[in-house]
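To start, the structure itself, in structure tokens.
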Amino acid sequence: MKMDVLLGLQWGDEGKGKIVDVLAPQYEVVARFQGGPNAGHTLEFDGIKHVLHQIPSGIFRSQILNIIGNGVVLDPIILKKEIEALGKFAIDYRKNLVISKKATIIIPTHKLLDAAYEQAKGDKKIGSTLKGIGPTYQDKIGRSALRIGDVLSSDFREKYTTLLDKHKSTLSFYNYPLDALEEMERQFFEAIEFVKTLPLIDSEYAVNDALQAKKRILAEGAQGSLLDIDFGSYPFVTSSNTMTAGACTGLGVAPSKIGEVFGIFKAYCTRVGSGPFPTELMDSTGEAMRKEGNEFGSTTGRPRRCGWLDLPALKYSIMINGVTQLFMMKADVLNIFEEIKVCTAYELPSGEQIEKLPFEINELDAKPVYKTMKGWNCSLDGVTEYEEFPEALKEYVTYLEEQLNVPIKLVSIGPDRIQTIMR
Ligand code: GDP
Ligand code: IMO
Ligand code: MG
């Protein structure tokens, strides 16, 4: 059996949480492979709206084993709160949720360092979610991080203190206040005691044994490909590989064992935080998209920047991920427009048009070249079949498929589980 991967092709918030929840009944395992509490994955069903940050989005389906993989950076305080918030759903998390011993721990000073680094960057700041992601991955790569398995060892406190001292000297270099630290540490050690009671496992065996036993696994990506540490608009990126390859390293699965790659994109674009966004709309059209799509961050509540769909960027993401099926989200948000634009290329100040994302994209003053299409400009409420879509929406889907060379197998027309049209 092979492992399927589901990931965002833009700058995150494409609707991954919703779709993992929709597809989950077809799987026996759902596994997160990278990122951490910077993610906010929203699920809506039976009139309930729930946002998950670190727990995989298969948690609401009782037959599914949810794995937090080795590639994840985990905040114990947030994990404890997330699990407590599941209390009202009668979920047996001790049976359905396991954590890799090799996942990296976010300690309180990682969050202070994140804030200190951002403050020092001034107007060049990345717009981090300030959850400690960058500093934690930095320590992982620097070989000084703490891992979940360490909580079980008798010298965990000593290991913690060694890392704390290192962080304190950096924070003092940045003159960053430590007033909040004491309370953060209290919560941290309380959460560590809780983590010790959870099933902590060698998840690479769990995943490969499941594949061997012909169980179906869905790997759930966080963030989006344009925020990838290697291929995103560096330095305005997150600190992990958000692409298909990240699912291999973040779970211990061989590349030859990757099956379908589901690439999720919004029918338009959004981005939170800083960095290039060629099709961004700074006008009333962008404002209307934000309002209609309720484009405010699930983790930080920040307004998301909005703009038209960017084909060169989407083609790039499809290329680096080996996407086999596309899922188009939030089509309903475009209901309000009489005309819809799609960026097909970028025009440089020299007049040259390019269809690729070059290294220099951050500095290039690239203007989008648009194709204008007729909008459907009507409600999609009550639509249950693709055949019922208005002609203009079908034309939009067909045009994108032709351009992207990958079938669009699913169109989402609302936040609820049931507002999902399969093709
Ligand atoms: P994720 O990070 O990729 O899981 O996405 P988020 O949960 O951060 O953001 C997606 C938002 O759009 C959430 O509020 C979802 O409830 C909502 N959403 C998902 N699919 C649709 C859709 O098809 N239409 C509309 N209007 N909202 C959607
Ligand atoms: P989900 O999984 C959207 C963005 C931040 C910032 C940059 C770096 O919900 O799609 P970080 O905290 O990782 O150091 O922030 O990445 N970012 C996201 N944007 N959705 C996310 O996750 C994001 N996670 C990080 O806004 O620009
Ligand atoms: Mg999100």
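Order of appearance sets the numbers: ligands from 1, and atoms from 1 within every ligand. Along the sequence shown, the residues carry numbers beginning at 1.
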All N/O donor-acceptor pairs, side-chain side in residues 19-30, below 3.5 Å, sequence neighbours left out:
from  : atom 1 : to     : atom 2 : distance (Å)
Asp21 : OD1    : Arg417 : NE     : 3.4
Asp21 : OD1    : Arg417 : NH2    : 3.1
Asp21 : OD2    : Arg417 : NE     : 2.6
Tyr27 : OH     : Asp4   : OD2    : 2.6
Glu28 : OE1    : Arg216 : N      : 2.9

(message) One residue to check: Val51. Relative to ligand 1, which of side chain, backbone, both or neither has a non-hydrogen atom less than 4.0 Å away?
(response) neither

(request) Report the part of Asp332 (side chain from C-beta onward, or backbone N, CA, C, O) that has a heavy atom under 4.0 Å from ligand 1; answer both or neither where that applies. (result) side chain

(message) Does any N or O of ligand 1 fall below 3.5 Å from an N or O anywhere on Gly15, backbone included?
(response) yes

(request) Please indicate whether any nitrogen or oxygen in Lys49 is less than 3.5 Å from any nitrogen or oxygen in ligand 1. (result) no

(message) For a distance under 2.8 Å, give residue and atom name for each protein N, O or S atom next to the Mg ion (ligand 3).
(response) Asp13 OD1, Gly40 O

(request) For the pair Asn38 and Thr299, evaluate side-chain contact (heavy atoms from CB on, under 4.5 Å) and give the outcome as yes or no after the intermediate values. (result) CA-CA 7 Å; Asn38 49 350; Thr299 297; 5.8 Å; no

Is it the case that [X] and [Y] place a side-chain donor and acceptor less than 3.5 Å from each other?
X      : Y      : result
Gln34  : Ser240 : yes
Arg304 : Ser298 : yes
Asp310 : Tyr346 : yes
Glu118 : Ser128 : no

(request) Distance to 0.1 Å, residue and atom name: give those for the protein heavy atom nearest to atom 10 (C) of ligand 1. (result) Asp13 O, 3.6 Å

(message) Among all the protein's non-hydrogen atoms, which is closest to atom 7 (O) of ligand 1, and how far away is it?
(response) Thr42 OG1, 2.5 Å

Where ligand 1 meets [X] - atom numbers and elements under 4.0 angstrom, heavy-atom basis:
X      : value
His41  : 1 (P), 2 (O), 4 (O), 7 (O)
Gly414 : 20 (N), 21 (C), 22 (C), 23 (O), 24 (N), 25 (C)
Ser412 : 20 (N), 21 (C), 22 (C), 23 (O)
Gly17  : 4 (O)
Glu44  : 16 (O)

(message) Which option wins on minimum heavy-atom distance to atom 9 (O) of ligand 1: Arg304, Met329, Lys330?
(response) Arg304

(message) Counting only heavy atoms, tell me which of Lys18, Gln419, His50 gets closest to atom 19 (C) of ligand 1.
(response) Lys18

(request) With Lys371 as the cation and Tyr399 as the aromatic partner, state whether NZ or CZ is under 6.0 Å from the six-membered ring centre and within 45° of the axis. (result) yes

(request) Using non-hydrogen atoms of the residue, decide whether Gly40 is closer than 4.0 angstrom to ligand 1. (result) yes

Please tabulate, for the side chains in residues 94-104, all donor-acceptor contacts under 3.5 angstrom to protein atoms that are two or more places apart in sequence or on a different chain.
from   : atom 1 : to     : atom 2 : distance (Å)
Arg94  : NH1    : Thr197 : O      : 3.1
Arg94  : NH1    : Thr197 : OG1    : 3.1
Asn96  : ND2    : Ser62  : O      : 3.3
Ser100 : OG     : Lys102 : N      : 2.9
Ser100 : OG     : Ser203 : OG     : 3.4
Lys102 : NZ     : Glu204 : OE2    : 2.5

(request) Give, for atom OG1 of Thr170 and atom CG of Asp165, the distance between the pair rounded to the nearest 0.5 Å. (result) 11.0 Å

(request) Working to the nearest 0.5 Å, report the span between CG of Leu281 and CH2 of Trp308. (result) 6.5 Å

Taking all atoms of both residues into account, what is the closest heavy-atom pair of [X] and [Y], and its distance?
X      : Y      : answer
Leu227 : Gly12  : CD1-N, 4.4 Å
Glu387 : Lys394 : O-NZ, 3.1 Å
Pro76  : Ile106 : CD-O, 3.5 Å

(request) Using a strict cut-off of less than 4.0 Å between a Lys/Arg side-chain nitrogen and an Asp/Glu carboxylate oxygen, indicate whether Lys131 and Asp75 qualify as a salt bridge. (result) no

(request) Hey, can you tell me if Phe89 and Phe45 have their rings parallel, tilted or perpendicular (30° and 60° cut-offs)? (result) tilted

With the criterion set at N/O pairs under 3.5 Å, what does the list of contacts between the protein and ligand 2 look like, atom names and distances included?
from     : atom 1 : to     : atom 2 : distance (Å)
ligand 2 : 2 (O)  : His41  : NE2    : 2.7
ligand 2 : 2 (O)  : Gln223 : N      : 2.8
ligand 2 : 9 (O)  : Asp13  : OD1    : 3.0
ligand 2 : 9 (O)  : Gly40  : N      : 2.9
ligand 2 : 9 (O)  : Gly40  : O      : 3.1
ligand 2 : 10 (O) : Asp13  : N      : 2.7
ligand 2 : 10 (O) : Asp13  : OD1    : 3.4
ligand 2 : 10 (O) : Lys16  : NZ     : 2.7
ligand 2 : 12 (O) : Ser128 : OG     : 3.4
ligand 2 : 12 (O) : Thr129 : N      : 2.9
ligand 2 : 12 (O) : Thr129 : OG1    : 2.6
ligand 2 : 13 (O) : Asn38  : ND2    : 2.9
ligand 2 : 13 (O) : Thr238 : OG1    : 2.6
ligand 2 : 14 (O) : Ser128 : OG     : 3.4
ligand 2 : 20 (N) : Asp13  : OD1    : 3.1
ligand 2 : 20 (N) : Asp13  : OD2    : 3.4
ligand 2 : 22 (O) : Gln223 : NE2    : 3.4
ligand 2 : 24 (N) : Gln223 : NE2    : 3.2
ligand 2 : 26 (O) : Gly127 : O      : 3.4
ligand 2 : 26 (O) : Val272 : O      : 3.2
ligand 2 : 26 (O) : Arg302 : NH2    : 2.9
ligand 2 : 27 (O) : Val272 : O      : 3.1

(message) I want to check something: taking the side chain as every heavy atom from C-beta on, are Leu79 and Ile68 in contact at a cut-off of under 4.5 Å?
(response) yes

